[in-house]
There are 2 protein chains.
Amino acid sequence: MAKFKLDDTDHKILDMLIDNTRTAFTDIAKKLGISAGTVHVRVKKMEDAGFITGSSLKLDYEKLGYSFIAYIGVFLQKTSQTQFVMERINEIPFVTVAHVTTGKFNIFCKIRAKDTSHAKNIIYQIDDIEGVTRTETMISLEESINDKKRLMHSIFKDIN
Amino acid sequence: MAKFKLDDTDHKILDMLIDNTRTAFTDIAKKLGISAGTVHVRVKKMEDAGFITGSSLKLDYEKLGYSFIAYIGVFLQKTSQTQFVMERINEIPFVTVAHVTTGKFNIFCKIRAKDTSHAKNIIYQIDDIEGVTRTETMISLEESINDKKRLMHSIFKDIN
DNA sequence: GGTGAAACTTCTAATAA
DNA sequence: TTATTAGAAGTTTCACC
């Protein structure tokens with residue numbers, strides 16, 4: 001696949017779809033002063049290039065009662081156990097992301113839980129994995145997200 | 001708004017839309033053996049209840065050349081500066097999430113950058129904020145994401 | 001590259017069960 | 001709560017710039 005460069009029109013299309021993937025191509029076309037067919041072709045090109053990999057819903061987990069977020073730093077006996085432990089961690093429900101990291105911790109993960117007691121349960125499951133010597137928990141008191149739109153803007157400004 | 005409980009059909013609809021928000025309601029209807037109108041009504045109800053808050057694209061940032069992920073722990077002179085520093089951090093491009101946390105760090109954030117030199121630049125911007133005494137960087141060598149679908153399944157199993 | 005229009009598919013809301 | 005229906009709206013293709 002040839003290296004494919006996004007232009008300003010692609011960027012504007014992305015901008016609208018990032019906010020709402022169901023934005024009608026006809027609406028996008030109207031706003032950008034191009035035809036709906038063109039929007040369709042450009043979106044398809046971005047999909048084919050693997051740049052857009054799909055779409056997903058934004059869900060309100062707090063409304064479902066899962067408002068507890070924590071980060072868990074994991075220490076291992078030996079670094080050679082990293083892959084094994086990563087696999088075990090990824091099997092634990094409510095772990096949302098896991099990273100192998102440099103620095104203080106060997107592995108670092110994020111969990112989303114109902115409350116402290118639910119979180120405790122998840123942390124114990126991590127502690128119980130063979131090779132884990134101990135964990136360190138950082139509870140999130142407040143989360144602020146710089147949304148995708150802003151990141152895309154930064155990237156786009158950076159590229160051009 | 002009355003407390004609204006998702007049933008198994010809602011769950012299956014979510015499941016398909018989480019994978020692809022543009023899945024045709026007629027396809028969902030066919031698969032679940034209900035009518036497209038019903039799918040429409042249920043999705044609308046979940047939106048009205050605030051449970052579905054929107055939709056967004058999945059983008060491949062690595063393809064754009066932004067494959068460097070790191071977590072930055074931030075130490076402050078005084079905890080009373082937390083809000084001020086959080087606001088400054090949120091103004092820095094390429095910071096994707098920031099948390100006020102208990103434990104070792106006062107603030108904890110995630111950045112996405114092109115490479116180490118780009119990351120260094122971002123970290124220096126954080127270091128430069130008034131009130132920040134020092135930062136600690138953990139570079140992600142490998143990321144593994146437990147996708148939304150799995151989290152939803154865990155939540156759904158947990159609720160019912 | 002892009003357009004515009006035709007052909008096709010999907011959405012949506014009202015009605016009825 | 002669900003099904004049916006039909007008009008409105010959106011998507012996709014294609015011949016032609």
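In what follows, every chain begins at residue 1, and chains take the letters A, B, ... in the order their sequences are listed.
Atom CG of B/Asn20 and atom P of C/dT10 are 13 Å apart (whole Å). Atom CE in A/Met16 sits roughly 12 Å away from atom P in D/dG10 (whole-Å rounding). Going from atom CG of B/Asp10 over to atom P of D/dT1 covers 9 Å, rounded to whole Å. What separates CG of B/Asp8 from P of D/dT1 is a distance of 15 Å, to the nearest Å. The NZ-C1' distance, from B/Lys45 to C/dT12, rounds to 16 Å in whole Å. Atom CD in B/Glu47 sits about 12 Å away from atom P in C/dC11, given to the nearest Å.
Checking D/dG10, D/dA3, D/dT12 against the side-chain heavy atoms of A/Asp27 singles out D/dG10 as nearest. Of the listed nucleotides (D/dT12, D/dT2, C/dG1), D/dT12 has the atom at the smallest distance from the side chain of A/Ala36. Closest to the side chain of A/Phe25, from the set C/dT3, C/dC11, D/dT11, is D/dT11. Across C/dG4, D/dT1, D/dG10, the shortest atom-to-atom separation from the side chain of A/Ser35 is found for C/dG4.
Annotation: of the two residues near DNA chain C, A/Ile34 and A/Arg22, the 5′-most nearest-nucleotide partner is A/Ile34. Both A/Gly37 and B/Lys44 sit near DNA chain C, but only A/Gly37 has its closest nucleotide nearer the 5' end.
Between A/Phe108 and B/Phe108, the gap from one ring centroid to the other is short of 6.0 Å.
Contact between the side-chain N/O atoms of A/Arg42 and the OP1/OP2 oxygens of C/dG1 is not found at any separation under 4.0 Å. OP1 or OP2 of D/dT12 lies within a sub-4.0 Å distance of a side-chain N or O belonging to A/His40.
The aromatic rings of A/His99 and B/Tyr71 sit perpendicular, their planes meeting at an angle over 60°, well past the 30° parallel limit.
Summarising the local packing, NZ of B/Lys149 is surrounded by more than 12 heavy atoms from other residues, nucleotides or ligands at distances under 6.0 Å. For NZ of A/Lys120, the number of neighbouring non-hydrogen atoms (other residues, nucleotides, ligands) closer than 6.0 Å is 12 at most.
Considering B/Asp15, B/Asp8, B/Asp10 as possible partners of B/Lys12, the one that fulfils the salt bridge (charged side-chain N to carboxylate O under 4.0 Å, His left out) test is B/Asp8.
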